Asker: 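The structure is given below, and queries will be raised subsequently.
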Amino acid sequence: MYIELSSSRPFTLDFTLCCGQTFRWDKQGDWWRGVVGEEAFEIRQYGKTLEFEGVNASFIESYFRLDDDLPNIFLHIDKDKNIRAAINEFKGLRILRQEPWECLISYICATYKNISAISQMLANLSRKFGEETHLDSHSFYTFPKPEKLAKAGLQELQECGLGYRAKYVSETARLVCKKAFDFERLKKTTYEKAREELLDLPGVGPKVADCVLLFSLEKLESFPVDVWIRRVILKYYTKHFSNEFIKRNSARESLSRTDYEKLSYFGRQYFGSHAGYAQEYLYHHERTHR
DNA sequence: CAAGTGCCTTTATC
DNA sequence: AGATAAAGGCACT
């Protein structure tokens, strides 16, 4: 099946799947292969054409957020020359509409790990606790259900390379099962309320919560702050902060909770209702220019 | 090539 | 409030 993109609907598959927002996609030749929910599918792009197998067009439009009016979002977040440079270079990068449960566990696992290590952990978890499916001759594993991870032993989780994260994953899985954690409700409520509920989960701090909100709960104003984004702000946006704040954060490795909130709040105020897009562009830009 | 550094941080403790 | 330490292990230099 095919989707034809018009020039008013920019999209670049490679940027979108390579920018570190998702961890379970694999590229062989032109084809990207992955699983979303129960659906294994493959997709490739040539020019303005998307070709895919395994799911229908509306699934693709939803997962890749082709419904976001990207040119209009650019107009809103285009506040200065830093962000403009990032937009010009990576135009077509889109935030994905990920599955909340998988996104939550992915970012709990992502703390203090690099992207390739995160991919490995999640592949291990899926192979061990997920269901195998096939598309053509390729085999895939779905992401394990909450019940499955809730029942898993700590030892088994650690064998997947989770380390100290194993206990957070286990406890969060249990809480999600027990309280029947309603991700759909979080999608409908405000950024602030949804964030508070996420912060109650073990292994979820402000950074993880903001990522889950942005990538899976429809909160495009969310502005996650990691080491890279902090670096960007300390480099290009110093004038929006006090001298003490800049000094403190330049000298120190760790980021205090209150300073996290200041940085994240700045992002939301400065870039507005689609600050999350600005964050992704700045993040990817900074990473690729180091 | 070995050893050091860094990693899309959170939590516990003082 | 804020500082500090600890917590896998792997990739990269």
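Just so you know, these numbers come straight off a predicted model, no measurement behind them. Atoms considered below: every heavy atom in the structure, side chains included; atoms not considered: hydrogens, waters and symmetry mates. Lettering follows sequence order; numbering is per chain, from 1.
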Asker: Check salt bridge (charged side-chain N to carboxylate O under 4.0 Å, His left out) between A:Glu99 and all other residues, then give those that pass, not counting sequence neighbours.
Answerer: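 Checked A:Glu99 against salt bridge (charged side-chain N to carboxylate O under 4.0 Å, His left out); zero matches.
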Asker: Taking the basic N atoms (NZ, or NE/NH1/NH2) and the acidic carboxylate oxygens, is any pair closer than 4.0 Å for A:Glu159 and A:Lys128?
Answerer: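 A salt bridge is present here (some side-chain N lies under 4.0 Å from a carboxylate O).
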Asker: Give the dot-bracket string for DNA chain C, reading 5' to 3', where a pair is Watson-Crick or G-U wobble with both distances under 3.5 Å, ( ) marks pairs inside the strand, [ ] marks pairs crossing earlier ones, | marks a partner on another strand, and . marks unpaired.
Answerer: .||||||.|||||
Asker: Looking at every strand, decide which applies to A:Val225 at a 4.0 Å heavy-atom threshold: base, sugar-phosphate, or nothing.
Answerer: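 No contact.
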Asker: Here's a test of your reading of the structure: between A:Gln120 and A:Thr111, which maps to the more 5' nucleotide of DNA chain C?
Answerer: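 The residue closer to the strand's 5' end, by nearest nucleotide, is A:Thr111.
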Asker: Mind checking which nucleotides bracket the chain A contacts on DNA chain B, 5' to 3', with an atom under 4.0 Å from a heavy atom?
Answerer: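 So the contact region on DNA chain B extends B:dG6 to B:dT11.
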Asker: Please determine if A:Glu38 and A:Lys145 form a salt bridge, counting it only when a charged side-chain N lies under 4.0 Å from a carboxylate O.
Answerer: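 Yes, A:Glu38 and A:Lys145 are salt-bridged.
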Asker: At a heavy-atom distance below 4.0 Å, which nucleotide of DNA chain C is the first touched by chain A, and which is the last?
Answerer: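 Taking any atom under 4.0 Å from a heavy atom of chain A, the span is C:dG2 to C:dA11.
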Asker: Taking only Lys NZ, Arg NE, NH1 and NH2, and the carboxylate oxygens of Asp or Glu, determine whether A:Arg44 and A:Glu51 approach each other closer than 4.0 Å.
Answerer: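 The answer is yes: the pair qualifies as a salt bridge.
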Asker: Who are the side chain to side chain contact (heavy atoms under 4.5 Å, CB included) partners of A:Gln28, not counting sequence neighbours?
Answerer: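 Result, side chain to side chain contact (heavy atoms under 4.5 Å, CB included) vs A:Gln28: A:Asp26, A:Arg33, A:His138.
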Asker: Answer yes or no: is there an ion pair linking A:Glu196 with A:Lys193, defined by an N-O contact shorter than 4.0 Å?
Answerer: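 Here A:Glu196 does not pair with A:Lys193 in a salt bridge, since their nearest N and O are not under 4.0 Å apart.
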Asker: List in numerical order all residues of residues 11-29 of chain A for which some heavy atom is under 4.0 Å away from an atom belonging to DNA chain B.
Answerer: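 Within residues 11-29 of chain A, the residues near DNA chain B are A:Cys19, A:Gly20, A:Gln21.
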Asker: What pairs with A:Asp69 under side chain to side chain donor-acceptor pair (under 3.5 Å), at least two apart in sequence or on another chain?
Answerer: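 Testing A:Asp69 for side chain to side chain donor-acceptor pair (under 3.5 Å), a comparison that skips the adjacent residues, returns none.
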Asker: If only atom types and distance count, is the side chain of A:Thr288 paired as donor or acceptor with the main-chain N or O of A:His285 below 3.5 Å?
Answerer: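 Answer holds: yes.
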Asker: So that I can tick it off, tell me whether A:Glu132 and A:Arg127 are bridged by a salt bridge, with the cut-off set at under 4.0 angstrom between side-chain N and carboxylate O.
Answerer: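 Not counted as a salt bridge, because no side-chain N and carboxylate O are separated by less than 4.0 Å.
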Asker: Please enumerate all residues that pass salt bridge (charged side-chain N to carboxylate O under 4.0 Å, His left out) together with A:Arg185, with sequence neighbours excluded.
Answerer: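 Scan of A:Arg185 (salt bridge (charged side-chain N to carboxylate O under 4.0 Å, His left out), adjacent residues dropped) gives A:Glu197.
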Asker: Check A:Asp210 with A:Lys219, please: is the shortest side-chain N to carboxylate O separation under 4.0 Å?
Answerer: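 So A:Lys219 does not pair with A:Asp210 through a salt bridge.
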Asker: For the ring pair (Phe, Tyr, Trp, His ring centres under 6.0 Å) test, which of A:Phe74, A:Trp228, A:Phe223, A:Phe271 pairs with A:Tyr281?
Answerer: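 Result for ring pair (Phe, Tyr, Trp, His ring centres under 6.0 Å) with A:Tyr281: A:Phe74.
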Asker: Give a yes or no on whether the backbone of A:Leu96 and the side-chain of A:Arg65 come within a donor-acceptor separation of less than 3.5 Å.
Answerer: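 No.
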Asker: Counting only heavy atoms not in A:Asn72, do more than 12 sit closer than 6.0 Å to its CG atom?
Answerer: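 Counting neighbours around CG of A:Asn72, more than 12 heavy atoms of other residues, nucleotides or ligands fall under 6.0 Å, so yes.
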Asker: Less than 4.0 Å between a side-chain N and a carboxylate O, is that true for A:Glu61 and A:Arg94?
Answerer: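 No.
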Asker: Going by number, which of residues 79-94 of chain A have a non-hydrogen atom under 4.0 Å from DNA chain C?
Answerer: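 Under 4.0 Å from DNA chain C: no residue of residues 79-94 of chain A.
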Asker: Apply side chain to side chain donor-acceptor pair (under 3.5 Å) to A:Thr142 and list each qualifying residue two or more places apart in sequence or on a separate chain.
Answerer: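 If we apply the side chain to side chain donor-acceptor pair (under 3.5 Å) test to A:Thr142, skipping adjacent residues, there are no hits.
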Asker: Tell me which of A:Glu280 and A:Leu201 sits closer to the 5' end of DNA chain B, going by the nucleotide each one is nearest to.
Answerer: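 Mapping each residue to its closest nucleotide by heavy atoms, the 5'-most match is A:Glu280.
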Asker: Could you list the residues that satisfy ring pair (Phe, Tyr, Trp, His ring centres under 6.0 Å) with A:Phe140, not counting sequence neighbours?
Answerer: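 Testing A:Phe140 for ring pair (Phe, Tyr, Trp, His ring centres under 6.0 Å), a comparison that skips the adjacent residues, returns none.
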Asker: Please list, by residue number, the residues of residues 207-215 of chain A whose heavy atoms come closer than 4.0 Å to an atom of DNA chain B; answer none if no residue qualifies.
Answerer: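 Result for residues 207-215 of chain A: A:Lys207, A:Val208, sorted by number.
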